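Here's the structure, in structure tokens; my notes come after.
Given the structure is predicted, the values throughout are model-derived calculations rather than measurements. Numbered from 1 within each chain, the chains take letters A, B, ... in sequence-line order.
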Amino acid sequence: MARPFNVTEVEAKWQARWLDDGTYEVDNDDPRERFYALTMYPYPSGTAHQGHIRNYTFGDLVARYQTMRGKAVLSPFGFDSFGLPAENAAIKAGSHPRLFTEARMAELKSSIRRLGAVYDWRREVYSHDPQFMKYSQQIFLAFLKAGLAYRAEAPVNWCPGCMTVLANEQVLADGTCERSGDLVERKNLEQWFFKITDYAEELLNDIDDLEWPERVKTMQRNWIGRSEGVEFDLALAYDATKALRVFTTRPDTGFGVTYAVVAPEHPMLAELTTDDERASVEALVERAASASEMERTASSDSGDGLEKRGAFTGSFVVNPFTNEQVPVYVADYVLGTYGTGAIMAVPAEDERDHAFATVHGLKIVRTTQPPEGFAGGAYSGDGVHMNSGFLDGLNVADAKVKAAEHLAKHANGITKVNYRLRDWLVSRQRFWGCPIPVVYCEVHGIVPVPADQLPVLAPDDVTMDKSGLSPLATHEGFRNTVCPIGGEPALREADTMDTFCDSSWYFLRFADPFTPDVAFDPVQVAKWMPVDQYIGGIEHAILHLLYARFYLKALVDIGIAPGLPREPFRRLFTQGMIRLDGSKMSKSKGNLVAPERYYETVGADGLRIFHLFVGPPADNVDWTDQTEELIEGCARFLDRIYRLAQYDEVKFHDVVDDTDVAVRRATHRTILKVTEGLDRWSYNTAVAALMELLNTISKTARSDEGIERATLDESLDTLLTLLAPMAPHLTAELWEARRPNDPSVHLQSWPVADPELVREATVTMVVQVNGKVRARLEVDPTISEDDAQSAALADAAIIGALAGVTPTRVVARPPRLVNIIV
RNA sequence: GGGGGCGUAGCCCAAUUGGCAGAGGCAGGGCGCUUAAACCGCCUCCAGUGAGGGUUCGAGUCCCUUCGCCCCUACCA
């Protein structure tokens, strides 16, 4: 489309100037009130896509707006630059991930700059910076020293495509890898873990105070998955000195326990298994061990699958409520990693147990009276207890208490809280990540790399084939080292850290990237933390945000970040996704609509306005055939401002009249609307308010009567000021042309509405009879209820409508409405 | 299976504590400008809020049922 000004030229001019003049550089001792505006630092995947554009448009708007509100705004940028795609691409291209990554970083940085987003570039950090790595490793070693990092063999999720271990969170619900889509296998490996479970309770409790979207808070709560119950012993029938320990949240249903189940990984399984049953038990265990998580859970809906998935061990345990012997089964619907890895089974009150019992012909005894007409199998709701001895007649809550007391007395029962949350597996068998800074010495075992030898950097000449081993393990020069303690031969750890480790503390380095040798100076960082506004995609609702929360709490506790708040992100905003043909627009799906071409046509400003205007920022955006036209419409809005600022076709008159006052009123009401819109993330309505104002000014200025000059100037200047955080280039350009001797529009204070002008002279009050509008009155906005009522009843149209009937009731809601009921 | 969200005009979306369903944009139509077209300017058509019920003087908004779409989660005992 033809533009009335050279968009490319204007935008390039201002981008260069913002970079040069350091306006958005901010010092840690800035006396102004502080505001930390942070957009999640991106993985460098190349030129920006629409999701980035949307993200950084919002982030830049916040930063510029808060700056105009007089704050010292910390708005940094960096890169989450370690990660699999770079490594895979490098393998494919036969190059080095660093070269690949840095090329992508340059591309992304360039398209972010072309968006007109401004940052304090002095503070740029990226994960693969050796300095940043040094601090990441220092933190790892501090965790190790504090007992928060430990090594353990564990069944892990092995992705055959990525040739690496995945965190539970990186395995999709269907058992495939979130990145490559391969079916994930189970494998036992020695791995590093972070003890995030130590913080489960605090991570859960602190959610309450966060100003985060409710759904993100809910997701985190569910992920942590706290459940209260009782852990107790089921004595073995053949040897009462031994017991199977189980966990339950429903001790009240104890009289209904008709069997017990252990997980295939349970340590007592071999002991419990009798010779007669050994073959079938071993078959089940083998199947469970080799099966992927998906295969293991896939058959949960079919009875056929259930039968295959359980086997009798041949042993019995004693139900501590009934003292009856009940059989012990092994089944893969019980998880070895949760609770005690064994359960008491209550088929009448638990659906899974019910399904299993039905297939295996096990006894089902109801202990809770279901509501009348209940048709299902297992009933897990509240109800009066039955078949339950001393619990009969009690409801669930009361029975739980009594049952727990009984178990405490007779079965070593203790009340116990369990969490779904597992410790964080941080080892990755990859090259392009931060090396874990430990060595393995034959004499001294696990030895931390001494501080003065950090960072441990990977050598460049590493083969990254698909052998399945950590690439670093194959590099003799790196792998073979000497023990820092005694000089004995030692092996370096060959695994690298999960990239979520980097993103768990980068925001702290942003706040103080200047202090050498340590990750940051807590005194400096304390000036900015917590982040006032964090902006990112909903896809990080669980992992990144949970890990970052854990890191900060741990860093405070182990003395690296003393005095800092324990929560990193005070306010969080999660933007909607960009969707094309019903699925998320992403590089991996190959359905991108590149933003670059819009820079040439509608410009960065036009694209920004589109993203702000298309709908609520939290909503998804559907990219359709019509989107092109919507974007052009946004550019047209900017063009109209440009033309008006040239005073094209504008007529002037000399004395301020009523129409001028009306324009001023509209202007000041717009100040309110836009400010409110920006404060409550209603950017679409803020843009709409500006469009409305433009229509008002433009219509008046081009009317035959014309407009008074100072009125036009005030309105136009206000319009430009309010628009500045949204369309920074055009507004800066026009402001400079109009007021060449004044500071930039971006250095102006945010406009304040004049209350006198905002107040309406009169408002229209609707008068209804039985809910139907019968009259409209112009009234004073402060009219009282009585006056509103009598004015309504005195109106000729109303008197006519009532036709002499006496109202039974009059509802007056001044100054909007009076409803007369007859 | 569980949890959350959303259905308003042909389309994207607005609508304080429940108070006249329409702020803005796109598309469509008309007129003006123009030799003509584009651009531009002005005007304009269009829904009773997915469906059904309830509460209320009054429901897009609150409650129940139901349909459709989206997101998260999924043997956690």
Legend entry - Side-chain N or O of A/Arg669 closer than 4.0 Å to phosphate OP1/OP2 of B/A23: no

Inset, instruction - Mind running side-chain contact (heavy atoms from CB on, under 4.5 Å) on A/Phe232 and A/Thr248 for me, showing each step along the way? - result: CA-CA 8 Å; A/Phe232 66 97; A/Thr248 181; 3.7 Å; yes

Legend entry - Any A/Arg640 side-chain nitrogen or oxygen under 4.0 Å from OP1 or OP2 of B/G41: yes

Inset, instruction - Could you let me know what B/G32 is paired to, Watson-Crick or G-U wobble, both distances under 3.5 Å, or none if it's on its own? - result: B/C40

Inset, instruction - Run the salt-bridge test on A/Lys400 and A/Asp252 with the 4.0 Å N-O cut-off and return the result as yes or no. - result: no

Inset, instruction - Report the relative orientation of the aromatic rings in A/Phe255 and A/Phe321; use parallel for angles under 30°, tilted for 30 to 60°, perpendicular for over 60°. - result: tilted

Legend entry - Partner nucleotide of B/G1 by Watson-Crick or wobble geometry (both distances under 3.5 Å): B/U73

Inset, instruction - Round to the nearest Å and state the distance from A/Glu351 atom CD to B/C75 atom P. - result: 13 Å

Legend entry - Of the listed nucleotides B/C75, B/U73, B/G41, the one nearest the side chain of A/Trp223: B/U73

Inset, instruction - Quote, to the nearest angstrom, the C1' distance that separates B/A21 from B/A59. - result: 12 Å

Inset, instruction - For A/Thr764, report the nucleic acid contact type (base, sugar-phosphate, nothing); a contact means any heavy atom under 4.0 Å. - result: base

Inset, instruction - Going by the side chain to side chain contact (heavy atoms under 4.5 Å, CB included) test, name the single residue among A/Ile609, A/Leu722, A/Thr718 that passes it with A/Leu690. - result: A/Leu722

Inset, instruction - Ignoring backbone atoms, test whether A/Arg643 places a side-chain nitrogen or oxygen under 4.0 Å from the OP1 or OP2 oxygen of B/C39. - result: no

Inset, instruction - With heavy atoms under 4.0 Å as the rule, sort A/Gln768 into base, sugar-phosphate or nothing. - result: base

Inset, instruction - Using a 4.0 Å heavy-atom cut-off across all strands, classify A/Arg809 as base, sugar-phosphate, or nothing. - result: base

Legend entry - Nearest-nucleotide comparison on RNA chain B, the residue closer to the 5′ end among A/Gln626 and A/Thr685: A/Thr685

Legend entry - Nucleotide nearest A/Ser698 (side chain, heavy atoms from C-beta), chosen from B/C42, B/G19, B/G24: B/C42

Legend entry - Selection from B/G41, B/C20, B/A77 that lies nearest to any side-chain heavy atom of A/Ile343: B/A77

Legend entry - Whole-Å distance separating the CD atom of A/Glu539 from the C1' atom of B/U73: 17 Å

Inset, instruction - Tell me what A/Arg680 touches on the nucleic acid: a base, only sugar-phosphate, or nothing, going by heavy atoms under 4.0 Å. - result: sugar-phosphate

Inset, instruction - For B/G58, decide between syn and anti, treating a glycosidic angle within 90° of 0 as syn. - result: anti

Inset, instruction - Would you kindly give the CZ-to-P distance between A/Phe613 and B/A14, to the nearest whole Å? - result: 10 Å

Legend entry - Any side-chain donor near an acceptor of the partner, A/Glu349 and A/His354, under 3.5 Å: no

Legend entry - B/U66 to B/A23 separation - C1' atoms, rounded to the nearest Å: 33 Å

Inset, instruction - Between B/C67 and B/A27, how far apart are the C1' atoms? Round to whole Å, please. - result: 29 Å

Legend entry - B/G48 to B/G60 separation - P atoms, rounded to the nearest Å: 13 Å

Inset, instruction - Scan A/Val766 against the nucleic acid and name what it touches under 4.0 Å (heavy atoms): base, sugar-phosphate only, or nothing. - result: base

Inset, instruction - With P as the reference atom in both, quote the distance from B/C20 to B/G3 in angstrom, rounded to an integer. - result: 35 Å

Inset, instruction - Would you mind reading off the distance between A/Arg816 atom CZ and B/A15 atom P, rounded to a whole angstrom? - result: 13 Å

Inset, instruction - Find which nucleotide of RNA chain B each of A/Thr340 and A/Arg776 is nearest to by heavy atoms, and output the residue with the more 5' nucleotide. - result: A/Arg776

Legend entry - Quiz item: A/Arg215 side-chain donor-acceptor pair to B/G5 base, under 3.5 Å: no

Inset, instruction - Rounded to whole angstrom, note down the P distance from B/G54 over to B/C42. - result: 48 Å

Legend entry - B/C45 versus B/C26 - spacing of their C1' atoms, nearest Å: 15 Å

Inset, instruction - Look at A/Glu649 together with A/Arg643 and state whether they make a salt bridge at an N to O cut-off of under 4.0 Å. - result: no

Legend entry - Candidates B/C20, B/A77, B/A14 - which lies nearest the side chain of A/Asn684: B/A14

Inset, instruction - Please report, rounded to the nearest Å, how far the P atom of B/A27 is from the CG atom of A/Leu630. - result: 8 Å

Legend entry - Among B/C40, B/A77, B/G25, the one nearest A/Asp350 by side-chain distance: B/A77

Legend entry - Length of the line joining A/His354:NE2 and B/A77:C1', which is rounded to integer Å: 16 Å

Legend entry - Closest listed nucleotide, where the reference is the side chain of A/Val614 and the choices are B/C12, B/C72, B/A77: B/C12

Inset, instruction - Tell me which nucleotide among B/U73, B/A77, B/G41 gets nearest to the side chain of A/Ser227. - result: B/A77

Legend entry - Sugar-phosphate only, base, or nothing, as touched by A/Asn695 at under 4.0 Å among non-hydrogen atoms: sugar-phosphate

Legend entry - Distance, C1' atom - from B/A51 to B/C46, rounded to whole angstrom: 22 Å

Legend entry - Proximal nucleotide (of B/C26, B/C70, B/C42) relative to the A/Lys699 side chain: B/C42

Inset, instruction - Whole angstrom is fine here: how far is it from CD in A/Glu628 over to C1' in B/C12? - result: 15 Å

Legend entry - A/Arg579 charged N/C atom sitting above A/Trp623 aromatic ring, 6.0 Å / 45°: no

Inset, instruction - Measure from the side-chain heavy atoms of A/Glu629 and tell me the nearest of B/A23, B/A27, B/A77. - result: B/A27

Legend entry - Pairwise distance NZ(A/Lys217) to CD1(A/Ile207) - rounded to 0.5 angstrom: 8.0 Å

Inset, instruction - Scan A/Pro616 against the nucleic acid and name what it touches under 4.0 Å (heavy atoms): base, sugar-phosphate only, or nothing. - result: sugar-phosphate

Inset, instruction - Select base, sugar-phosphate, or nothing to describe what A/Lys673 touches, counting heavy atoms under 4.0 Å on all strands. - result: nothing

Inset, instruction - Give A/Glu692 one of three labels, base, sugar-phosphate or nothing, depending on what nucleic acid heavy atoms sit under 4.0 Å from its own. - result: sugar-phosphate

Inset, instruction - Looking only at side-chain atoms of A/Thr218, point me to the closest of B/G24, B/G3, B/C70. - result: B/G3

Legend entry - Value in whole Å for how far the C1' atom of B/A77 lies from CG of A/Leu234: 13 Å

Legend entry - A/Glu705/A/Lys651 salt bridge by N-O under 4.0 Å criterion: no

Legend entry - Sugar-phosphate, base or nothing in reach of A/Asn222, heavy atoms under 4.0 Å: nothing

